[in-house]
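Reckoned from all heavy atoms, side chains included, excluding hydrogens, waters and symmetry mates. Every chain is numbered from 1 and lettered A, B, ... according to where its sequence line falls, protein lines coming before strand lines. Just so we're clear, the structure is a prediction, and the values are computed from it rather than from any experiment.
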Number of protein chains: 2
Amino acid sequence: MTTSETRTAPIVGRATIHDVALAAGVSVSTVSKVVNGRYGVSAKTSARVLGVVSELGYETSLIASSLRRGRTNVVGVLVAEFEPFALALLQGISEALQDSGYDLLAYAGSLSGTDDARHEGWERRSLSRLGGTLIDGAVIVTPTVDSATASVPVVAIDPHTGASGPAAIDVDSLDGALQATRHLIELGHRRIGHVRGRTDLESARLREEGYRRALGEAGIVVDPALVRDGGYRAAEATDAAGSLLDLEDRPTAIFAANDLSAIRTIEVAAGRGLRVPHDLSVVGFDDIPGAASHEPPLTTIRQPLHEMGATAVRLLLRKLDDEDDAPAEHVRLPASLVVRGSTARRG
Amino acid sequence: MTTSETRTAPIVGRATIHDVALAAGVSVSTVSKVVNGRYGVSAKTSARVLGVVSELGYETSLIASSLRRGRTNVVGVLVAEFEPFALALLQGISEALQDSGYDLLAYAGSLSGTDDARHEGWERRSLSRLGGTLIDGAVIVTPTVDSATASVPVVAIDPHTGASGPAAIDVDSLDGALQATRHLIELGHRRIGHVRGRTDLESARLREEGYRRALGEAGIVVDPALVRDGGYRAAEATDAAGSLLDLEDRPTAIFAANDLSAIRTIEVAAGRGLRVPHDLSVVGFDDIPGAASHEPPLTTIRQPLHEMGATAVRLLLRKLDDEDDAPAEHVRLPASLVVRGSTARRG
DNA sequence: TTGAAAGCGCTAACAG
DNA sequence: CTGTTAGCGCTTTCAA
């Protein structure tokens, strides 16, 4: 049996290089050369092949060529989940990548596995699965673990630890949290709760630290009952906010570690008949799209998400160009308080 | 020369199945069996292999296994660009895909090529490049061309033509445009401009149609000078808005075919010293995140973007499950007017 | 100028 | 229970 019998039947799925070769009456390698614009193919053959290519709508498979070549000209953005924070970054990354010659591929690895280990190390898995060949480089959003060994150049946004991988971008969480909490204090609040972020993340640690430090400055002792875990996610923040608001001596203000938690906190408050900001002031963190249009508009700490994405791309492109890896760079961007409608002077 | 010489040197990039096999002292196929949980491997061997796997941090390459198997358990979202509209859809899609067992991969094919043909048929290219093996199915956002032949199940959102591909989701653009224009008319406007969308898209055609029809209802003759091409993109909308506002007898209100154009129109107006809504009313279309937080908050026609994404996933999963393709379904969701701050009674 | 053959990393028959 | 072999679609030497 020969390798391939004559195939006259119409091509079912996508056309492969084989189909083109067959139809053009040339070898597979010739088609490859034509498609990739290599030298050494006669004009006549080339034209014929090109004709068949467009007739069949042939497009070289990213997968197959990727496996064979080293490169793909695709950079990947690896996220745990497509939530607003990641999406805003993605937009910035996408814009910054225009005209760079790279395509963009965003991947959310499944959070499958045991529930406890859902998050743990997702970025290593994704990176390993895609990094072999599919992507030339990657931007990892909020990695949870030090990915010391990466098969491709990587830059991390909002990494687990300060100076983990080769390159990282984040925002000054400590300062942001200071601003948020001071704002609340200036409004006359003394009993201020904190819905903490994901405790395995450096950013969450720093935001709590800022919260504590600001209270300290003002001579307010931190009540441990006023700090709860929200995990940066709406679902988990529900409990945190609830227990805070059910307290005998409940806080008059809450600093939530991110906007998702803050918004959920407001919803929980509403469910208990508490009006924001009249009965409760809430400040978030991130300034995701949607924070401003929330009702009430969310007072929050703004992260320059687009800029962070753009910076990540800049760093990544540099790594991709230079063979030698530049010194591990860590860019920390400033956070800024945006006062809107969810905070008010203590009633 | 044997197939592989003993490799003692530390593994540089990612570990391959070969490295694992070597280190565990078994064959490649045994490793494959262990990793994929196939029967027929002794507990002892299995344990040893697993040990090496975790030690080396081995993760099967999506690319390679994809090429070999038919499936990947990944669905793709193909977009021309990561702009707000697509990102909002992406979020909906992502949520709907939770716990479905599928990973999500969003891909923006490069808009390279001659400028005129930048957009033309990008989805066919992307689909062809990825569809061979990388993704099991795809959601295509705003395809420009009928992709009759797809290698994998596909559902389109906001397709070029009404009932093009096998399945499609869109919003009732005609009705939305009617609502938008009527709203302006009710506010006392008679001279109403239209910044048209991408004329190659059905949605743009319908929005213009709705605009014209509403004017007709009100007995207003359409002034051809009042309709300009904005191409759904901010950059192109600049000229459209500019020429409208530079008119001798300029419009007192403008219906822009999408929010990006509307926002740009407002900016252009501001550049000419016109205040919105005092001197000019503007209504957009889409209600992207950011529309509400714009200054002034944008009056617009809301598309249920999350719901559209979720519906797309539902349709796609059904196709993926059933071998036989269900009847080409076309879901049309309602659009609704959201009145905010960019429109006002004619001064 | 063209084609045969090897091989990227992996899985699946099939032998042993 | 384990290993050998073929091959997914493609690119790339190397011969012819």
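Taking only side-chain nitrogens and oxygens, B:Ser61 never comes nearer than 4.0 Å to OP1 or OP2 of C:dG9. Side-chain nitrogen and oxygen atoms of B:Tyr58 include at least one within less than 4.0 Å of the OP1 or OP2 phosphate oxygen of C:dC10. Remark: A:Ser66 is not in phosphate contact with D:dC10, judged by side-chain N or O atoms under 4.0 Å from OP1 or OP2. Checking the phosphate oxygens (OP1, OP2) of D:dC10, no side-chain nitrogen or oxygen of A:Arg71 falls inside 4.0 Å. Proximity of A:Thr30 to the phosphate of C:dG3: a side-chain N or O atom is located under 4.0 Å from OP1 or OP2. Remark: A:Ser65 is not in phosphate contact with D:dG9, judged by side-chain N or O atoms under 4.0 Å from OP1 or OP2. Neither OP1 nor OP2 of D:dT2 sits under 4.0 Å from any side-chain N or O of B:Arg38. A close approach under 4.0 Å does not occur between any side-chain nitrogen or oxygen of B:Ser29 and OP1 or OP2 of D:dT2. Phosphate proximity of C:dT11 to B:Thr60: present, with a side-chain N or O under 4.0 Å from OP1 or OP2.
Place A:Val35 and B:Gly25 on DNA chain D by their nearest nucleotides, and B:Gly25 ends up nearer the 5' end.
Screening B:Leu90, B:Val77, B:Leu87 for a side-chain contact (heavy atoms from CB on, under 4.5 Å) involving A:Phe82 leaves a single residue, B:Leu90. Under the side-chain contact (heavy atoms from CB on, under 4.5 Å) rule, B:Val31 has a single partner from B:Val28, B:Val35, B:Val34, which is B:Val35.
We find the CD-CG distance between A:Glu59 and B:Leu130 to be 10.5 Å, quoted to the nearest 0.5 Å.
What separates CZ of B:Arg69 from C1' of C:dC10 is a distance of 9 Å, to the nearest Å. Summarising the geometry, the separation between CG on B:Leu62 and P on C:dC8 is reported as 19 Å, rounded to the nearest angstrom. We find that CG of A:Leu130 is positioned 16 Å from P of C:dG9, with the value rounded to whole Å. Separating the CG atom of B:Leu134 from the C1' atom of C:dG9 is a distance of 14 Å, rounded to the nearest angstrom. Rounded to whole angstrom, the span from the CZ atom of A:Arg68 across to the P atom of C:dC8 amounts to 8 Å. When rounded to the nearest whole Å, the span between CZ of A:Arg129 and C1' of C:dC10 equals 12 Å. One atom, NZ of B:Lys44, and another, C1' of D:dT2, lie 13 Å apart when rounded to the nearest Å. Put simply, OH on B:Tyr39 is 16 Å from P on C:dA13, counting in whole angstrom units.
Within the 4.0 angstrom heavy-atom criterion, no nucleotide atom of any strand lies near B:Thr133. Within 4.0 Å of B:Ser42, counting heavy atoms only, lie sugar-phosphate atoms of the nucleic acid but no base atom. Contacts of B:Val26 with the nucleic acid, taken as non-hydrogen atoms under 4.0 Å apart, involve only primed sugar atoms and P, OP1 or OP2.
In this structure, the side chain of B:Arg198 does not engage the main chain of B:Tyr232 through any donor-acceptor pair within 3.5 Å. With hydrogens and angles ignored, the 3.5 Å screen pairs a side-chain donor or acceptor of A:Glu83 with a backbone N or O of A:Phe85.
Candidate nucleotides C:dG3, C:dC8, D:dT11 were compared by shortest atom distance to the side chain of A:Asn36, and D:dT11 ranks first. Nearest to the side chain of B:Val41, among C:dG9, D:dT12, D:dT2, sits D:dT2. Nearest to the side-chain atoms of B:Lys33 among the listed nucleotides C:dA13, C:dT2, C:dA6 stands C:dA13.
Checked by atom type, the side-chain pair B:Tyr58/B:Asp19 shows no donor-acceptor distance below 3.5 Å.
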